[in-house]
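Everything below concerns the one structure shown next.
Every chain is numbered from 1 and lettered A, B, ... according to where its sequence line falls, protein lines coming before strand lines.
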Amino acid sequence: MTSFQPRSDFLRVIIERGYLHQCTDLEALDKRLTSGVVTAYNGFDATGDSLHIGHLVPIMMLRWLQKTGHRPIALMGGGTTKVGDPSGKDETRKMLSDADIAANIASIKRPFAKLVNFGADDGKGGPTDAFMVNNADWLDELKYIPFLRDVGKHFTINRMLTFDSVKLRLEREQPLTFLEFNYMILQAYDFVELARRHNCSLQMGGSDQWGNIVSGVDLGRRVANVDLFGLTCPLITTASGAKMGKTVAGAVWLNPDRFSPYQYYQFWRNTEDADVGRFLKLFTDLPLAEIAKLEALQGAEINEAKKVLALEATALCHGREAADDAAETARKTFEEGVTGDALPTVEIARGELEGGIAAFALFARAGLAASNGEARRLIKGGGARLNDTAVSDEAQKVTAADATDGVIKLSAGKKRHALVKLV
RNA sequence: GGAGGGGUGGCCGAGCGGUCAAAGGCAACAGACUGUAAAUCUGUCGACGUACGUCUACGAAGGUUCGAAUCCUUCCCCCUCCA
C-alpha cells in the first residue's frame, strides 16, 4: 500500500496524512474516485449526546472526502442502539427510546456540522452536501424470516468465525452473544441499504471495523451486484501508548456544553512532543509543508507547534472565534500570569462571601475538586493557589476582599484554573 | 436439568470471623525536575468532620455472632464441565 501512487485527491490526502490503515481495493477505488462524485459513509453510535475525540479521525476522513469533491454520509446507529450493546459486562445497557435517540442525534450533529458541511437532511442539497441518516429507518422494519432468507443465507458461520472480532473472543473463551454475532450482519446490511438508497459505495471506519466492512462489501456484490469499497483508519494512540482522550474531566467531548473550547484547546496544547507532527496531520487542515516545518522544531520550541495544533484543532471543532478566544486565555494565563476570561467560571452571590467561605469549600464549588475532602488534600499537598498565592490553610476564609474586579482566581496545580465571579 | 467455580474500590487483583476503608498493580491528582512535553522520584487517592471520630461500601435481601468482605439461608448474575 505504501508504494501505491493514487491519482485521486482523496486517497492522496488520506495516505499522506496517515489516515489509511487498510483498503479493500485501493486501485479500483482510486479509479472510481477520479471518475465522479463518490458517496461514502461512516457509522456512529447514538448512545450518548456527544461524540468525543475518539470519533474525530473518522469525522476528519469525511471532511477530507468532502473537501476533495465527494459526498459524505454520517450514519447514526439509531437502530443498533435500540438493541442495546450486550458487551458491557455488568448491567445490560439501558434501552433508549426513539425520543432519546433523536435528541442524541441532534446534539451530536452540532459540532459535527462544523467539521463537515451538511445540506438538507433529505440528501437533496448540493452534490457534495453531507447528510445524516439513521439506520433505524430500515432496521426497525426488518422482518426476521425474510431477512434471514435474503441476507442471512449469504453468511456462513464458517467464515464469520474467522473474523478477528469473533475469533479473539472465542480464543479467550469470553462469551459472545448471538446478538453481537449479528452485528456484522446488520452492519453489512446497512452498507447495502445505503448503496441502494443513496448510491453509497464506500464505507470507512476504525481498524476494528474491518471485518464488518468487508462483510458489507461482499454482501453488496451478492445481493445487489454492486462494487463496494471499504477503507479503515488506524486506532490512534498517544506516543506513550495510551488511548487518546482521557482527562480529569473524563472523555474529551466535542460538544462545547460538555467540554468548553478552552478545555478543548488545553487538551491539544498538552500533546506529547512525539505526537505533534502526527496529530497536526490528522487533526488539522494545515498543508503538509507547514506541518513539516512545525514538526522539525526542537526542544522547547516544539511548544510553538503545539499552540498551532491546539488553535487549529479547536477552530475546526468550535469555530475560529472560540479558538482565538481560548488561545488568548491560555496565553494570558500561562505566559503573562494574568487572568483570561475563557477560564471555567462559577458564580457565587456576594452575600455568601460576607462571612467568608472556607478555601477548601470554594475549591470544591469551583469544580477543581470532586469533594471537600479532595479539596483539602489538594491544599495539604500544596497544589492549591488563590489568586496565584499558595493556600496553606485549608480552612482559610475567602471573602469578597480577595476579589479583584469581582473575580477570584483559583488554581489546582499549574494547569487547572477556575474563576469565581461575584454576582 | 445435574456437578463444580466465581461476583471485592475507576479497572485488574489479594483477603476468607476481629489488627479491613480493605494488600499489590494500573489509571488518576498534586509536588520536585522541565518546556503547559515525556521519563523519573515523592506524596495523595470512599464521604463528612481540624482531629481521636462518624457514616457508607466487598452482587441483593435476610440470619448467626460481642464482632462478618470473610460463616449460614434465599435470590440475582457470570464461568467451567456433564445431560
Side-chain angles (χ1 to χ4, degrees), chain A residues 86-93 169-177 180 237-252 262-280 294-311 313-314 326-340 342-344 356-361 363-386 388 390-397 409-418:
Chain A
S87 60
K89 60 177 175 175
D90 359 327
E91 61 236 59
T92 41
R93 216 187 273 177
R169 292 286 273 282
L170 295 180
E171 275 169 9
R172 287 195 205 130
E173 304 197 341
Q174 286 170 337
L176 174 73
T177 66
E180 290 172 294
T237 54
T238 66
S240 9
K243 245 189 180 174
M244 269 190 75
K246 283 191 0 189
T247 66
V248 218
V252 177
Y262 168 75
Q263 288 175 292
Y264 193 80
Y265 177 94
Q266 281 298 306
F267 169 78
W268 292 108
R269 176 63 249 267
N270 285 302
T271 298
E272 294 176 32
D273 287 8
D275 287 327
V276 172
R278 193 160 53 101
F279 285 4
L280 278 166
L294 290 168
E295 205 177 0
L297 294 172
Q298 290 297 316
E301 291 193 340
I302 195 90
N303 279 320
E304 293 309 312
K306 291 186 192 180
K307 287 180 198 167
V308 174
L309 169 64
L311 181 69
T314 307
E328 178 61 12
T329 290
R331 197 185 60 75
K332 279 187 184 162
T333 306
F334 290 97
E335 294 178 25
E336 293 178 15
V338 191
T339 301
L343 292 174
I357 296 182
F360 69 84
F363 273 86
R365 285 268 297 267
L368 291 175
S371 65
N372 287 351
E374 192 177 308
R376 283 200 163 94
R377 277 180 240 125
L378 177 71
I379 293 170
K380 274 185 195 152
R385 272 165 299 135
L386 172 74
D388 299 313
V391 180
S392 50
D393 176 10
E394 60 198 71
Q396 175 184 334
K397 293 285 186 198
K409 181 182 177 192
L410 301 179
S411 312
K414 294 197 175 98
K415 289 192 226 165
R416 293 155 60 220
H417 307 278

Classify A:Asp275 by what it touches in the nucleic acid, base, sugar-phosphate, or nothing, heavy-atom distance under 4.0 Å.
nothing
Find the distance between CG (A:Leu311) and CD (A:Glu328) and round it off to the nearest 0.5 Å.
11.0 Å
Please report the distance separating the P of B:rG59 from the corresponding atom of B:rG15, rounded so that it comes out in whole Å.
15 Å
Quantified in whole Å, what is the P atom distance between nucleotide B:rG9 and nucleotide B:rG1?
30 Å
Are the charged groups of A:Glu374 and A:Arg377 less than 4.0 angstrom apart, N to O?
no
Quiz item: A:Asn372 side-chain donor-acceptor pair to B:rG49 base, under 3.5 Å:
no
Whole angstrom is fine here: how far is it from CZ in A:Arg416 over to P in B:rA28?
13 Å
Using heavy atoms to find the nearest nucleotide of RNA chain B for A:Ala300 and A:Lys414 separately, return the residue whose nucleotide is more 5′.
A:Lys414
Which of B:rU50, B:rC48, B:rA38 is nearest the side chain of A:Ser371? It is B:rC48
Minimal non-hydrogen separation, A:Lys306 against A:Thr271, with atom names:
NZ-O, 2.8 Å
Is there a side-chain contact (heavy atoms from CB on, under 4.5 Å) between A:Asp388 and A:Lys409? Walk through the geometry before answering.
CA-CA 7 Å; A:Asp388 299 313; A:Lys409 181 182 177 192; 3.2 Å; yes
Looking across every strand, which nucleic acid part, if any, lies under 4.0 Å from A:Ala412 by heavy atom: base, sugar-phosphate, or nothing?
sugar-phosphate
